[in-house]
Every structure is written in C-alpha cells, then in structure tokens.
Visitor: 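Pasting a structure here, questions to come.
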Amino acid sequence: MALFTLENISVAYNKQNILQDFNLEIEEGKFVSLLGPSGCGKTTTLRLIAGFLESNNGKFLYKGKDYTKVPVNKRNFGFVFQNYALFPHLTIFDNVAFGLRLRKASKSEIEKRVASVLEIVNLRGFEKRYPKELSGGQRQRVAIARALVIEPDLLLFDEPLSNLDANLRENMRIEIRRIQQELGITTVYVSHDQEECFAISDQVAIMNKGIIEQLSDPATIYNYPKTKFVADFIGFKNFIEFENRTIHENEIELSKSGFTFIVQKNQANTESDRKIGAIRPDNLVIRPFQELVNPGGNELPGKVKIRTFLGRSYQYIIETPIGDFTVNQEMLVPYQVGDEIILEFPANKMVLVK
Amino acid sequence: MRNRTIYLLLLPGALFLTIFMVIPILLTIGSTFFNEGSFSFEGYLHYFQDKYFIGILLTTLRVSLVTTFICILLGFPVAYYISKVGTRTKVLLLLLSIFPLLTSSVVRSFSWMIIIGKNGVLNKLLLSIGLIEEPLNILYTPTAIIIGLVHLFLPLIIITLIGVLENMDEDLLTAAESLGASRLGVFTKVVLPLSMPGLVIGSILVFVGSFTAYTTPALLGGKQRVISTFLYQNATTLNDWHTAAIVATIMIVITLLVTIIMNQIAYKINPKG
C-alpha cells in the first residue's frame, strides 16, 4: 500500500495552472525523485507535500489519513532546502536541536540525539561553530542532520546539491543515499540533474508541464522511455514519426516515406499509440556509401552536413531524405563534411514512444 | 602608497568634526569640573542630590523608554507588512510612513494640541458619545509628550526594520515551520533574533531622539520639564552656562550608556547579528 498519495491535485499561481489533476503514489521506504526541466512543477509538488503551499483542489493522503489541511508544523516531515536555510544566529548544535526543543525533548535526550545525527553526517566536533564558518558541503550536511533529527515520517529534498561543485555533489549524493538506506526513510527528491536522480533513486518521475510523463525505476526509464518528451530529456536526440506500423510475431515493422524499419518487440512498445521511433546519437552507425544497402531496411542514405569534435568522439549531423540525424561516433579517420554515407539504425537500439 | 593616500579623503570631514564638534564637546565636559577656577565634582554632586533635577531626569528616561517601546510595538507589524508587498506599493507605503519626518515639528505639535487639548477634538468626541464625563487631561503631561514623540519617531523604527526584514530569507521561516514551530515560535525564535540589528539601530535612534528632543516636549509638555527643556531654560533664561554644561554632559553619558546596554542585549539574543 502507498505511504502517501496525491489525488487530483491542482495548484495555480496568478491564474496560471502549475499542477492540474496531478496524481502520485509513493510507497514506504522508497527513494523517489521528481525530475524535469525548470517550470515543470516538481518543486511545487514537493512544497505541496511539505505543506508549504495549498492545493486549489484534490487531496493529499498520508497513511490513509487526509493530510490536505494539516499545517506544516504538524506534519513531521523533514525538508532540506536548496540554499540550506540554516539559522545564521544559531550554532550547529542549536540548528540541529531546533526541532527537538520545539518537541520539548529533555536536555539529555537532545544532546544524545544531536550527537548521534551529527555522527551520521560526519560532523562531530562542529557543534559550537556557526553556519557561516562552514563550507557548502558541511552546511548541506547540517541541513540534512537538522531534518533527520526529528525522525521525520518523510524526508523531502529540494535540489539539495545544486549549489555544490561537481566533486562534492557526487560524494554528497552517495552520502544521502547511504543515510536514506541506513534509516529506511521514505524520501522525495527534486532535481533537474538526470545523472543525480538516476544514481540515487529507487524510482524516478519525469515531469513535464505539471504532469508525470513516466514513473519507473531508473534503468527502465533510461532504456524504455514511454513518451517523446522523456526520450528527448534523457538523450534520445533522434526521432522518426512513422506513417505505418505492422506488428509481427517478434518484431514491429514501420515505414516512413518508403523506407522500412524493424524494431524488436517488447512488453512496452506494442501499444497502439507508440508511433515515434527514437534512438540515441551513440547508437546510430555510419558506414561508407560503397557498402551494400541492407535490403531488410533500417538504413538510410545520407550526407555529412556538420562535423563537431567532442574529444572522445565526433558528432555528425547527417542529412537524409527523411530529415537530419545526430550521430556520435569514435573513429581514427573521420568522415568529411559532404561525404556520402549510409546511416544504420540497429533494430535492438530503437525504441518506440508516443 | 595608494592605501595611504586614500586616508587623505577623510581629512576634510575629520577636520570639520574636530573643530566644530569634538573640541566643543571636550571643552564643555572639561568646564563642568571647574567651579569658579578650582577643580571639583561639586556640580555633579549637587545635581544628583537635587530632587527636582532627578525628577526631570527620570521623567525624561521614562518618556524616552516608553516611546521606544511603543514605536517597536507599532512599527514591527507595519515594517513586516511593507517588507512583503510588491515594489510599487512598497515605495508608496514607505513615503507615507516617513511623512511625519517631512513636516515641521512645530506644526505637528500644534496639531496634537488641537486634538488632545482640554477642549480638543478627542475630548469633544468622547464627551459627546458619553464615554467620559470630565474632559481627559492629556495635554501638558508626559503622555502628551509620548504621543508627540511616537508620531515623530515611528518612521525611524519602520525604516530600519524594513531593511533587515527585506533581507530575511523566506526559507528560514519555512524551515522553522517544517521543524514544528508555530507562527509565534517562528517569530520569537527566528524573525525576532534576526531582526535584532535593525531593531537595535532603530531603538537607539528613537531613544536618543526622544531623550534629546526639544520642540515636541516644549510645546506638548507645558510645565512638565524634560532634560532638554531644562537645559535650555538654564542656558538662556537663567543664563547659567555652568549648569547647562553639566546637564549636557549627563545627557551625553546617559545616551552612550543606553547605546552600549542595547547593543549588549542584542548580542545576547543574536550573537551573530
């Protein structure tokens, strides 16, 4: 059973809908990321769960109870802010103890629990310092400790790593995942960084314009995007809108402007509205024009339009009769602009999206 | 080289202040220790045994502290509101709130006389609706002085508080709430400590302003003397410059003491302010 549920939630700012009929279910103990471009409604969703803003419509259920009207300070959810939001006038100890003092915990218990949570985030010995005296990564860990110490029913992260530099970001996301698994605490995490979400989450929800386009485990999303938006967001830069589709026993046959393509059949891609083929630049193959065209299809004649050196590989924009395609290919002797080539679409690398 | 020449920029201002402020103040303070040519503390001893003077001093302190307190109480909500509204409304409200500072204190005081006088607007109104039977005696009391001073100095508190409240990160308040703080808890544990710098500066301005104010207490206080009107009386009416210098020195010392005490209180509440 789901730990909490958002049911038909609508949120509007200045008459503009941010979320409309939004639904989401999250199971206990799971680490779920909300991923999407800015303005997709992911932060709004998180703030709604936290209780920082109210929905115009719909319900928020927590453990089956209606939490829609429960105020922020009665929810017992831990929130970690993008800019840390540490209290500048309090020491690290007092920052972490803030929630415990409000819960009227005894002095000895506060000391014990603050010490143990600072242990978890590796910040013992920093109790007497002030937030200004810590580095970004340390502040972020204080913010996590402060949210953890109240033993929250739900842990919420709003782009917690976006203010840190790249190395620190990687270390911190491993830390966050370790802490979450150690404590088994249900977590919702918002980010616009795809790699970060994939590395850290049990499930990722890709959001676009206030709806969830796909909610799955990271590997499924990476390999089998459902919609064109998801595919584009996670790096399938090439799309073909097919005109005809026939489902055979093991494969699906598609065509566009007289060119035939074969895609391997799987549990997901037989849905009738999956008519757009998507393929990553890394998975397209360029061959010299002299070689024979595969009579079964999956090949297009083309011409190199633009070549860019990326370091590890070259990126080519290939002009074909059905449009331009982006290809990344490693090779010692690169193709020149204007070269006639054959563009090959491996049948097991192309996915169908709607 | 560059670092040294830059100090030259201070010279004109420093010179002006030394000639027209520092030296006169030191001369004034120095003169209080000499009575008819010989060094003594007698002037001070005399005044601290004089019940009339002590009465005036205490009234002035009380009026200034009450004024400061009322200004904080009235100013905080206004400043909080103004710090949250959009830029256009903000400019308008700011202009409105500093309006008292732009009017002459003589005009302002006479207006209050018309309002709170024995046959004033307020008494007539209260009498006509039967709330009181005898006219209230407000004018020419410390209360009248407080009303006039609050009207004058409220803008100072509002402006200094807006400064700190505007820069307060909204997420800090949300963070406190998410950790379980009620609205009141958010205010006392986060907003108030973080407002301390502005609150202290505002309070010092209001206190010092009230403590040294002349026109408002002179017009609204009637026979009720405060320390500045007392000083004026000694210097001009009685032509007793020695006494005036002693009173002035006492004012300077008290002002400094209050400033230091307020800073200490602020440090206790917010050591990082």
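Lettering of chains follows the sequences in order, A, B, ..., and the numbering in each one begins at 1.
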Visitor: Could you tell me whether B/Tyr81 atom OH has more than 12 heavy atoms of other residues or ligands within 6.0 Å of it?
Guide: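 Atom OH in B/Tyr81 is not packed in, count stays at 12 or less.
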Visitor: If you count the non-hydrogen atoms of other residues, nucleotides and ligands that lie under 6.0 Å from CD in B/Glu166, is the total more than 12?
Guide: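 Yes, because the 6.0 Å sphere around CD of B/Glu166 holds more than 12 heavy atoms from other groups.
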Visitor: Just checking heavy atoms, which of residues 149-161 of chain B are less than 4.5 Å from chain A?
Guide: none
Visitor: Can you tell which part of A/Asn76 gets under 4.5 Å to a heavy atom of chain B, answering side chain, backbone, both or neither?
Guide: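 Looking at A/Asn76, nothing touches chain B.
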Visitor: Identify which part of A/Phe87 has an atom lying under 4.5 Å from any heavy atom of chain B, answering side chain, backbone, both or neither.
Guide: both
Visitor: Could you tell me if the side chain of A/Phe81 sits less than 4.5 Å from the side chain of B/Thr174, heavy atoms only?
Guide: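 Yes - at least one pair of side-chain heavy atoms lies under 4.5 Å apart.
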Visitor: Measuring from atom CG of B/Leu173 to atom CZ of A/Phe52, what distance do you get when rounded to the nearest 0.5 angstrom?
Guide: 11.0 Å
Visitor: Only heavy atoms, only distances under 4.5 angstrom. Which residues in residues 176-192 of chain B are near chain A?
Guide: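 Result: B/Ala176, B/Glu177, B/Ser178, B/Leu179, B/Gly180, B/Ala181, B/Ser182, B/Lys189, B/Val190.
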Visitor: Between A/Leu86 and chain B, which part of the residue has a heavy atom less than 4.5 Å away: side chain, backbone, both or neither?
Guide: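 A/Leu86 touches chain B through backbone heavy atoms alone.
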Visitor: Look up atom CG in B/Asp169 and atom OH in A/Tyr84, then write down how far apart they are to the nearest 0.5 Å.
Guide: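 It is 12.5 Å, given to the nearest 0.5 Å.
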Visitor: If you count heavy-atom pairs under 4.5 Å with chain B, which of A/Pro152, A/Ala50, A/Ala143, A/Ala85 comes out on top?
Guide: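 Highest number of pairs under 4.5 Å: A/Ala85.
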Visitor: For the candidates A/Val72, A/Leu156, A/Thr91, which exhibits the highest count of non-hydrogen atom pairs separated by less than 4.5 Å from chain B?
Guide: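 So the answer, after comparing A/Val72, A/Leu156, A/Thr91, is A/Val72.
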Visitor: Which region of A/Arg101, side chain (C-beta onward) or backbone (N, CA, C, O), has a non-hydrogen atom less than 4.5 Å from a non-hydrogen atom of chain B, or is it both or neither?
Guide: neither
Visitor: For a quick test of reading the model, state the closest non-hydrogen atom pair linking A/Pro88 to B/Leu194 and the distance between them.
Guide: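 Residues A/Pro88 and B/Leu194, closest heavy atoms: CG-CD2, 3.6 Å.
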Visitor: Counting only heavy atoms from other residues, nucleotides and ligands, does the tally under 6.0 Å from NZ of A/Lys112 exceed 12?
Guide: no
